[in-house]
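What follows is one structure encoded as structure tokens, with my remarks underneath.
These numbers were taken from a predicted model, which means no experiment stands behind them.
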Amino acid sequence: MELQQMRYVIAVAETDSFTRAAQRCLVVQSALSHQIARLEKELGARLFERTSRRVRLTPAGAAFLPAARQCLDAAERAAAEVSAVIGEVRGRLAVGLIPTVAAVDVPTVLKEFHRRHPKARISLGVGASNELVEQVRHGEIEVAFLGIPVNARPQGVMARELARGRLVAVVSPDHPLAGETSVDLRRLSSEVFVDLPAKTAGRAQSDLAFSAAGLTREVAFEVTNADYLARLVGAGLGVGLLPPAYVAGLTGMVTIEVTDAPARAEYVIWGREGLTPAAAAFLDLLGIEREGTQAPPARP
């Protein structure tokens, strides 16, 4: 069984197509199909069901796929460790972040990382803080940037707080509050809100602040990311609460200071089980001291 065959299987499974998999792997389709057929013969089981319209994993293929990914990850990490010994950073660097991260200029840091380590492969994913913590815990990504309530802390991962800040209110130019320079939570509690889904870390920052003040509010529109939150606010559908650094990049919005605004802390996190050379180099570039950093226990 060859690593290249595993790569081909993974590519077909992820693209649902032998043609697209061959294009991704930079080989002709006949060569890719031949290698997968050889692997199926060796395993004594078909990995894919092929029809004129689609390709899908068989039960045997579904069982094979996770192990194939683990083998490839292990092989790539072994090669990266060897390269690190001779002073060359290779391998994958998978970074996750919330859309509103402000403590670090992530594009600028990635640009410098790529300049220093051009043979490392960088992937960047955007998600909610709670999702990113789980992805780091399970080794799906190496490093992530979060924004969570100041009285919370990422669980089951290594973490370093980067910054703290307060949110601001944002409204459309024709909103009744647009002429105000500052408001408090009691005044805002009578407004309709656009916010992130309930029970997410981004939503919790605001929910906790209103609850602590003994107030309730109406969240009429729930969206899964800050970009669309801003679009709905700009369309006049409600009030939003966002970090000021993120709001600075928006147009067509009015920003209002909130005197008792919700606060959040930004963190960088990484796995407890050791770092790849690429992830270690990335944290070094950020100036993150890892020695002595404590990892809270994972919650059951």
Side-chain angles (χ1 to χ4, degrees), residues 1-86 88-97 106-107 110-111 113-127 131-132 134-144 270-271 273-282:
M1 189 180 305
E2 300 174 4
L3 291 176
Q4 192 67 279
Q5 292 172 326
M6 295 184 189
R7 290 191 180 94
Y8 292 163
V9 170
I10 292 169
V12 174
E14 291 179 346
T15 62
D16 295 322
S17 166
F18 278 73
T19 301
R20 289 191 293 271
Q23 291 170 346
R24 177 195 287 189
C25 296
L26 303 177
V27 296
V28 296
Q29 182 177 333
S30 59
L32 179 140
S33 298
H34 176 69
Q35 288 297 323
I36 291 179
R38 280 185 56 198
L39 179 58
E40 289 176 324
K41 183 177 180 180
E42 180 180 345
L43 294 172
R46 295 187 64 183
L47 301 177
F48 296 99
E49 292 179 357
R50 306 161 176 84
T51 69
S52 58
R53 293 188 175 182
R54 61 177 300 181
V55 174
R56 64 181 180 182
L57 287 165
T58 64
F64 178 80
L65 189 62
R69 285 192 170 121
Q70 291 175 0
C71 287
L72 279 182
D73 288 344
E76 289 188 359
R77 179 152 187 170
E81 295 287 354
V82 171
S83 296
V85 170
I86 61 174
E88 185 174 73
V89 174
R90 290 177 177 259
R92 183 191 75 159
L93 172 66
V95 178
L97 76 163
V106 176
L110 289 177
K111 181 179 180 180
F113 179 85
H114 180 64
R115 186 191 69 80
R116 295 186 185 186
H117 311 294
K119 294 185 178 180
R121 295 180 292 105
I122 302 168
S123 66
L124 186 65
V126 178
E131 296 170 350
L132 295 173
E134 289 304 305
Q135 289 174 22
V136 170
R137 283 179 59 184
H138 293 117
E140 297 168 13
I141 58 177
E142 284 84 50
V143 180
W270 60 96
E273 301 303 322
L275 291 166
T276 64
F282 183 73

How long is the span from the [atom1] atom in [X] to the [atom2] atom in [Y], to the nearest 0.5 Å?
X: E49; Y: R54; atom1: CD; atom2: CZ; result: 8.5 Å
X: L57; Y: F64; atom1: CG; atom2: CZ; result: 10.5 Å
X: Q5; Y: I10; atom1: CD; atom2: CD1; result: 12.0 Å
X: C25; Y: R7; atom1: SG; atom2: CZ; result: 9.0 Å
X: I141; Y: L132; atom1: CD1; atom2: CG; result: 5.0 Å

Heavy-atom check, side chain of [X] versus side chain of [Y], under 4.5 Å:
X: F18; Y: F48; answer: yes
X: Y8; Y: V27; answer: yes
X: H34; Y: R38; answer: yes
X: K111; Y: H114; answer: no
X: V9; Y: I36; answer: yes

Heavy-atom closest contact ([X] atom, [Y] atom, distance):
X: R46; Y: R50; value: NH2-NH1, 3.3 Å
X: L47; Y: E40; value: N-OE2, 2.8 Å
X: A279; Y: V143; value: CB-CG2, 4.2 Å
X: E142; Y: A94; value: OE1-N, 2.6 Å

Dump the intermediate steps for side chain to side chain contact (heavy atoms under 4.5 Å, CB included) on L93 and T276, then the final yes or no.
CA-CA 8 Å; L93 172 66; T276 64; 5.6 Å; no
Is it the case that the side chain of H117 and the backbone of F113 share a donor-acceptor pair, with hydrogens and angles ignored and the cut-off at 3.5 Å?
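Side chain of H117 to backbone of F113, a donor-acceptor pair under 3.5 Å: no, none is there.
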Using 4.0 Å as the upper bound for N to carboxylate O, is an ion pair formed by R69 and E140?
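Answer for the salt bridge query: no.
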